[in-house]
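One-based numbering along the sequence shown. We count ligands from 1, going down the list as the structure has it; atoms in each ligand are counted the same way.
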Amino acid sequence: MEHELTIEKTKEPKQKPDQNNLGFGQYFTDHMFLMDYTGEKGWHDPRIVPYAPLMLDPASMVFHYGQTVFEGLKAYKAANEQILLFRPDKNMKRINISNQRLSMPPIDGDFVIKAIKELVSIEKDWIPDEEGTSLYIRPFIIATEPCLGVRPSNHYHFIVILSPVGAYYPEGIKPIKINVESKYVRAVQGGTGFAKTAGNYASSLNAQVEAKENGYTQVLWLDGIEKKYIEEVGSMNVFFKINGEVFTPALNGSILDGVTRDSVIKLLQDWGVPVSERKISIEELYAAYDSGTLEEAFGTGTAAVISPIGELNWMNKRMLIHGGNTGELTKRLYDAITGIQSGKIEDKFGWTVEAKTMNYTS
Ligand code: COI
């Protein structure tokens, strides 16, 4: 791959949004990173250019057969204007796992991390510093060959866009209400559940809309065969604290291997809190609730960080968890993860990396 990154700066910088009202994914910075792929040349022409709409052939294969993958990571402004990324190597590994599942070409993760550092450095004034805010980084790949035959595309764009964000859920970091989905399924083993690809999210929307109509913010998915075992929430992995022990569904091929999920497991192990990855049935969860041993529940994700779950509803059986309030362990994890990410707490795991410019010529 050609590694000559070129930079073209915008002549019309945009006005920056109010940091206290960012929401999630509504504002985009002044520049983006792009590179192209063809079977003949491989990945080539890496460039940072002004943020702008794309010109694409309407026959581009992504529009017809959904060949696309994406990632999500965040940049934080630490003390002394230092910019920190959180475990970007994990995202690069995962995008190549997704690429492989979608018959798409792998990217050079080390090079893309350098390009992301450069892009984020150029956009450093867009990184918000209010509590609970960050700069969300969205790398994605789309199939661009104009062709209506069903086969892997021979052309792709890899793009990185940036968005200053606040909390993912409108509740902020207050506990959310989740509906346990009993009609639709998200993924089955052998499918694409472990990959970050648009189709997984498109097929989840019906259930999300129906949950919202009934007053629930998100959907908790059960396994696609028996609708018995807990898998994940729409945009998060899920954890339960039962009788002093923490459980999360094991990675089984249909669950996303979350970066925050992995970080929470490592933090809990470090703190000496018993944590295990295993199959958990929804009946087991209700039995724990009925016996008074279900102590806390929370979701984890890059966008959602650590999100307390205050209520679960499964076939009209409601569970109010921790009285609908944030549990102590959930809060401790939120403080630890966000503290490490923003450089306020010592990072003894070596998870954060500094984003510095490499001073490519503009
Ligand atoms: C993330 O947490 O980065 C995600 O990709 C979730 C997203 C679908 C909002």
Side-chain angles (χ1 to χ4, degrees), residues 22-28 66 68-76 84-99 101-102 112-113 116 120 127-128 132-142 158-173 176 178 181 186-187 192-209 211-212 217-221 231-239 248 251 254-265 298-309 333-334 337-338 340-341 351:
L22 290 171
F24 184 85
Q26 301 184 52
Y27 302 97
F28 300 96
T68 177
V69 299
F70 74 94
E71 270 304 323
L73 61 160
K74 283 176 172 173
Y76 305 82
L84 297 177
L85 303 177
F86 187 70
R87 309 187 77 185
D89 54 314
K90 296 277 288 176
N91 299 89
M92 295 304 118
K93 280 202 191 104
R94 193 171 59 188
I95 201 169
N96 278 335
I97 291 171
S98 302
N99 278 330
R101 181 64 184 83
L102 274 287
V112 167
I113 291 176
I116 288 177
V120 167
I127 310 176
T133 64
S134 57
L135 187 70
Y136 187 75
I137 304 169
R138 171 54 62 87
F140 63 105
I141 307 180
I142 52 174
F158 174 92
I159 306 173
V160 182
I161 54 174
L162 307 177
S163 173
V165 298
Y168 183 71
Y169 296 112
E171 291 90 337
I173 56 160
I176 56 169
I178 293 186
E181 181 54 49
R186 174 185 173 272
T192 57
F194 64 89
K196 255 183 127 48
T197 185
N200 291 341
Y201 296 82
S203 65
S204 76
L205 297 176
N206 257 341
Q208 190 182 314
V209 169
K212 282 227 164 94
T217 308
Q218 275 284 329
V219 170
L220 175 63
W221 296 103
E231 298 241 306
E232 64 177 62
V233 178
S235 51
M236 311 187 283
N237 295 113
V238 68
F239 286 75
T248 191
L251 301 176
S254 56
I255 295 176
L256 196 80
D257 181 2
V259 178
T260 314
R261 174 187 183 279
D262 181 74
S263 309
V264 160
I265 293 172
F298 57 91
T300 64
T302 297
V305 195
I306 305 283
S307 197
I309 298 171
L333 283 164
Y334 176 85
I337 292 272
T338 54
I340 293 171
Q341 288 172 332
W351 285 336

M92 side chain near I116 side chain, heavy-atom distance below 4.5 Å: yes

Is any side-chain heavy atom of V264 closer than 4.5 Å to one of T248? no

Near G72 (heavy-atom distance under 4.0 Å), the atoms of ligand 1 are 3 (O)

Do S254 and W221 have side chains that get closer than 4.5 Å, going by heavy atoms? no

If you take all heavy atoms of Y168 and S235, which pair is closest and at what distance? CE2-OG, 3.4 Å

Please identify which atoms of ligand 1 are closer than 4.0 Å to at least one heavy atom of F70. 5 (O)

One finds that the ligand 1 atoms under 4.0 Å from a non-hydrogen atom of Y136 are 1 (C), 3 (O), 4 (C), 5 (O)

Considering distance alone, does some N or O of Y168 sit under 3.5 Å from an N or O of ligand 1? no

Give me the nearest non-hydrogen protein atom to atom 7 (C) of ligand 1 as residue plus atom name, then the distance to 0.1 Å. R138 NH2, 4.0 Å

Between CD on residue E181 and CD on residue Q208, distance to nearest 0.5 Å: 11.0 Å

Go through K90 and L73 one step at a time and tell me if the side chain to side chain contact (heavy atoms under 4.5 Å, CB included) criterion holds. CA-CA 10 Å; K90 296 277 288 176; L73 61 160; over 6 Å; no

Does E71 approach ligand 1 within less than 4.0 angstrom via side chain, backbone, both or neither, non-hydrogen atoms only? neither

When distances are taken from atom 8 (C) of ligand 1, the protein heavy atom at minimum range is Y201 CE2, 3.5 Å

Looking only at distances, please establish whether an N/O atom of ligand 1 is found under 3.5 Å from an N/O atom of K196. yes

Do A303 and ligand 1 have an N or O pair less than 3.5 Å apart? yes

For the residue pair V120 and A75, what are the closest heavy atoms and their distance? CG1-CB, 3.9 Å

T302 heavy atoms within 4.0 Å reach ligand 1 at atoms 1 (C), 2 (O), 3 (O)

